[in-house]
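Predicted, not measured: the structure shown is a model, and the values here were computed from it.
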Amino acid sequence: MILLAEFESPKVEYATISPLLIVVGAAILGVLVEAFVPRAWRYPVQVGVAALGLLIALADTVRVGLALDTLDAGLLARGSLAVENSMVVDGPTVFLWGTLLVMSLISVLLFAERRLEGGLTSFAGQAAALPGTDAEREASTRGIEHTEVFPLLLFAVTGMLLFPASNDLLLMFVALEVLSLPLYLLCGLARRRRLLSQEAAMKYFLLGAFSSAFFLYGVALIYGFAGSFELADIDAAVSASSGANAYLLGGIGLMAVGLLFKVGAAPFHAWTPDVYQGAPTAVTAFMAACTKIAAFGALMRVFYVAFGGASWDWRPLMWVVAILTMVVGSVIAITQTDVKRMLAYSSIAHAGFVLVGFAGVYAGTGDVVGVTSVSSVLFYLAAYGFSTIGAFAIITLVRDAGGETTALSRWAGLGREAPVLAGTFAFFLLAFAGIPLTSGFIGKWAVFAAAWAGGAWPLVVVAVVMSAVAAFFYVRVIVAMFFSDPVDIKPAVAVPSILTTGVITVTALATVALGVVPGPVLDLAQQAGAFVR
Amino acid sequence: MSPLALSGTPLASGEAGVPVVPTAVDGVFSLLWLVVALPALGALVLLVGGRRTDRWGHLLGCAMPIGSFLLALVMFVQLLGRDHEDRQVAQTLWTWLDVGDYTVQMGLLFDPLSALFVLLITGVGSLIHIYSVGYMAHDDRRRRFFGYLNLFVTAMLVLVLADDYLAVFLGWEGVGLASYLLIGFWAHKDSAATAANKAFVVNRVGDLGMSLAVMLMVATFGTSSFVGVSAGMPETSEAVATVLGLLLLLAACGKSAQVPLQSWLLDAMEGPTPVSALIHAATMVTAGVYLVVRSNFVYELAPVAQTAVVIVGLVTLLVGAVIGCAKDDIKKALAGSTMSQIGYMMLAAGIGPAGYAFAIFHLLTHGFFKANMFLGAGSVMHATNDDVDMRHYGALRKAAPITFATFAFGYLAIIGFPGFSGFFSKDHIIEAAFGENWVYGVGALLGAGITAFYMTRVMLMTFFGERRWRPDVHPHESPAVMTTPLVVLAAGSLVGGVLILGDWIVEWLEPVVGPEEHHELFVPAIVLTGLIVLTVLAGVAVAWSRYGPSQTIADTAPTRVSAATRAARADLYGDALNEAVFMRPGQKLTAALVYVDDVLIDGTVNALAALVGGTSGTARRLQTGFVRSYALTMLGGALLAIAATLAVTLS
Amino acid sequence: MNGYIPILVLGAIAFAFAVFSVAISGLTGPKRYNRARLDSYECGIEPTPQPVGGGRFPVKYFITAMLFIVFDIEIIFLFPYAVAFDSLGLFGMVEMMLFILAIFVVYAYVWRRGGLEWD
């Protein structure tokens, strides 16, 4: 009782973390809408709440970004700790927030597409109804929709915003769960091929829980080592410790597993193809772009800020993981016969390329700054996010009677059937392959340059070789679309509403713009500067 | 930075190549961007405009490169009027990348070297555009074809005008893409689609070299511009220079179809013939030579890399020539010859200051006579219902007299008949090769003999002898829109040699590659020239004795032939080698990985399950979920990760 | 390394115990299968209501259980808050209200969606 007299009321910097609060507020509002708004009105209101919430949060992020304090002009570190040091809002945080909000705003548009399924969203009418039962048929004939997907998306975005902004391992774990749980659910909500979708959700959930356990165990070991959850304290403990410490190293290894699982790095990648294939394509697009962004942000924050002093201990591990990820992703993608699965393996390969930049650990030497690991990874994530959402958006349009048709053989001859669509898809693939004048080229170039400058040139050589291998399977799809004759039935291309068309247009334009004039965004990533500790 | 930079000692600056020191653009040069922008605009209009542009698309497609050519010509004349040291002008367009202190300007550099290339690309390019109007007249996708051609011209101009290796890389990939689109233009032919893919993939191997070279430059010099790299080279170590040189050579090999990346060029002949003429003879495939000559400041400091260039050139010139001897497909025979001639250029470029100018000289003359012969071949195919087998030709000189005459000019030029352009350029290269090392010289001389043999063979089988036409073939001369470019190119094949008058080209290129070093020969130059002419005559004579008008030529290729002929027909087993060295191990690796991913892990789990569950069937039923195997992978990975972290540090 | 030996020993004991339990029950346990043995609860009580279609419990159980857990957690936060009520002041009041409001919203959702109706 006496002790409590010294208990001080914590300080919360609402103005600094407001983008996060706006999104979570919109999510809660979405739940209320679900409860009280009549069914017929729910869809427009939900879309409005989600889009508006994200837009306001984006505008607010800009405000927060402009108001950051400069801490260290040399390293370009600016920002501040918030909420009793458990969060940190600095340059990278703001950049990641901006990217995440833009990507999720685009994803909302994809989620909201209704023309492709005859006036309904592409999510299950009633998720609780067993596939193939009367209840399911009734739900679909009555035109029931799960508009809960919008609040779920907002909750996931909340977690994603919090994940890379955590300065405290416990908060980071909470963020990890907040971002994961809605995603597990969203994965199982496909309107078509529901069993596949539910299986994907189940797999994602089980393996995700498994990886969370690793992460948590790692956090526990680190706490045992440093006596604190705060990244700066851990950093101090790492600097102070002499010689190897099994708690620290074990903790690093286990936390790495948890984080690498989320980015889909080998050998923790096994879920990616199944989940990407089974999940509703709009959700896949959202996950592929946003989860990666958030997870890489968190990975960089933990490993650069907390474990930066021990970087020589974890670098070999990251090198091996990066190489393995690139090889597994690029090589296995070659044998894929399903476009969605191929893009899943491609996303694994891209995770490997980002890891190359990450494992370079280059923060500039002396007054020579150049492309740092942080800025190159940030740029890559933004560039990849746009192209990947665009590519998945196109996948939603190639359909037959049973919904989307993702078998590569069915895409044969698409170039003649729908030249503009196939051309745009080919363009996204070329961006993935890293052809100049696309964002993919600049992104690859930036991460490789940073890694090389950081002395990781063997990694760069492998990466360049693997990007050549990767080009091979992208070209295979282009060949199938333009140079092959369609088998039996021609693929049909559905005409979407302005929503999907808008998404494809915006992402394609962004992919061009980031390739031709990457300056502004690259500069922004550079200005994001170093992490604040 | 790079570990390589730490080893070795900086070289004395005396041996360095020529630094690039351009002045800003002024006057007419400020329109430099328009040279690139015109064909870019053409490509944009034709490819985006769709069917609306069908009617006048080909005219626009021709007008754009012609416009570029005229503009480039004016600038060339301006450049002529300047002093040596002022002959490099640069124009900055926009800042492509600006990260910290690393900046890439999208800039153009117009200097004696790029000026010659721009004239070649737009000049020969325009002629081929005009020719295509006739050649593609019956193709309902002609407009698209012109769009791709313009795209190619744009990319090629970016490649030779860029003032930064990263921007060169942009053009480098661009020509690759355009080439891919054009080889596969007749994608309804399976062979064309396959060939397009092969070209793409093999070129990616070369591009590895280019991207790694740019990385190394950025890491070593903090920049990849010609100005920065050429200024920084003398301070760097020979190790860096050598690695850089070898990486650039790898890039050059991919693009220029040099051994060991030669295999795609023969297949690329599946594309429409104007494409073969423009891309796979006159311009794109010479990009490798451009790269080596442009990077003279790298190679001058890397003798090992230079020797590698020479060896690649020498091997390719012989391999290409041998392949050319065995082909019955007229385009493939010409393609083998292209490889071989580019081999000559590489050889010269590898020799260093004694050869740079002659490499470019041969590149220009080759651009004329090879484009001429390809277009001639196209004209012959036009006359024979697109038959490419020379065994089905014969006696076409009367049916297509203009084609015959112009082809003959190209033929005389390539074998090095005295007075024709090829005579001067090849003569200088062989001379320079002898001056460097007699092995190089003998190889180059031998190549000249073989060239004479296979080109005479092509000539005789196509235009002389008896008629071996298919019954439904009624050969006729091509329309004027096709023959006019032939005549112009034939004239170029004849008079191209004037470039060497008074050593003009050597002096012209001096600001870029430095003054020519002349090596003393063991015999007077005139004796060597005589020797070359004799070798060429011997080659012609052998061909005459086997394929002359008095010989009968079998309708199908004889099967009972020597092992050497069989090898040559199989492209000297280039594909087989690729398959054995790259493809099969690659496939094995893929299969192995997929196996590990799909089968092995599941298999292990199932086996474990069977082992543990043993007697009861229920245990097995629990194990059917794949999630378990995934989780097992993760667990294994996690154990490895932790074990690795601990092992690295606790050991 | 001395500090880790107890951990290793503990891990080894846990592993050995698990293996031992599985092995020993297989080896020594009687194997008399009858209907009662195969029931959900071997004491003879039938699970109610009877699962339809084999092995599934009605989802309503889970909803009720989860709602209960959420209430539980709310209480767990309210207790320490009550103890530190004075020192947290207005700030604590507002934050707590927000927390309760957020949970209330969820209950409203469950209620409107019929999650509280048993049949």
Side-chain angles (χ1 to χ4, degrees), chain A residues 202-203 206-207 210-211 214 244 246 249-250 252-254 256-257 261 267-268 270-271 313-314 316-317 320-321 327-328 331-332 334-335 364 368-372 375 435-437 442 445-446 448-449 452-453 455 457 460-461 464-465 468 471-472 475 479 482-484 517-519 522-523 526, chain B residues 1-3 94-102 166 169-170 172-174 177 180 184 187-188 192-193 196-197 200-201 204-205 207-208 211-212 214-216 218-219 222 586 589-591 593-594 597 601 626-627 629-631 633-638 640-646 648-650:
Chain A
M202 196 65 190
K203 279 179 181 164
L206 287 175
L207 295 172
F210 196 44
S211 79
F214 277 110
L249 297 175
I252 289 177
L254 288 168
V257 173
F261 172 85
F268 317 107
W271 60 278
D313 295 331
W314 52 259
L317 169 70
V320 173
V321 170
V327 171
V328 165
V331 174
I332 298 188
I334 294 173
T335 59
V368 183
V369 181
V371 201
T372 63
S375 59
I435 302 292
L437 286 191
I442 307 285
W445 177 84
F448 295 172
W452 193 302
W457 64 269
V460 175
V461 173
V464 173
V465 171
F472 182 73
V475 169
V479 170
F482 288 96
F483 297 158
S484 309
V517 273
L522 206 49
D523 196 43
Q526 190 71 13
Chain B
M1 294 220 189
S2 161
W94 80 88
T95 305
W96 192 21
L97 287 177
D98 184 11
V99 198
D101 51 359
Y102 177 70
L166 197 67
F169 189 55
L170 169 67
W172 195 264
E173 293 278 314
L177 185 69
Y180 174 72
H188 50 87
N197 282 336
F200 190 88
V201 171
R204 290 299 293 186
V205 177
D207 295 346
L208 293 183
S211 26
L212 288 176
V214 175
M215 294 287 164
L216 183 56
V218 174
L589 175 70
T590 314
L593 272 177
V594 171
D597 215 48
I601 293 166
F626 291 99
V627 183
S629 55
Y630 296 168
T633 338
M634 276 181 63
L635 185 65
L640 282 179
I642 295 158
T645 325
L646 291 176
V648 166
T649 26
L650 289 184

A:Val475 and B:Tyr180: which non-hydrogen atoms are nearest, and at how many Å? CG1-OH, 3.3 Å
Distance from B:Leu212 atom CG to A:Trp457 atom CH2, nearest 0.5 Å? 10.0 Å
Side chain, backbone, both or neither: which part of B:Leu177 has an atom under 4.5 Å from a heavy atom of chain A? side chain
Give the minimum heavy-atom separation between A:Ala471 and B:Arg204, together with the two atoms involved. CB-NE, 3.7 Å
Straight-line distance of B:Thr95 OG1 to A:Leu522 CG, nearest 0.5 Å: 12.0 Å
My understanding is that only residues two or more places apart in sequence, or in another chain, count here; which of them pass side chain to side chain contact (heavy atoms under 4.5 Å, CB included) with A:Pro518? A:Phe379, A:Ile442, B:Trp96, B:Leu97
Considering only heavy atoms, which portion of A:Ala256 lies under 4.5 Å from any heavy atom of chain B: side chain, backbone, both, or neither? neither
Residues A:Val517, B:Trp94; criterion side-chain contact (heavy atoms from CB on, under 4.5 Å); working and verdict: CA-CA 9 Å; A:Val517 273; B:Trp94 80 88; 3.7 Å; yes
A:Leu254, part contacting chain B, at a heavy-atom distance under 4.5 Å: both
Tell me which of these, B:Leu635, B:Leu170, B:Leu166, has more heavy-atom pairs under 4.5 Å with chain A than the rest. B:Leu170
If every non-hydrogen atom of A:Phe214 is compared with every non-hydrogen atom of B:Ala638, which pair is closest and at what distance? CE2-CB, 3.5 Å
What part of A:Val461 is in contact with chain B, defined as an atom under 4.5 angstrom from a non-hydrogen atom: side chain, backbone, both or neither? both
Distance-minimising heavy-atom pair for A:Pro267 and B:Gly637: CG-CA, 3.6 Å
Shortest non-hydrogen contact from B:Met215 toward A:Trp452: CB-CE3, 3.4 Å
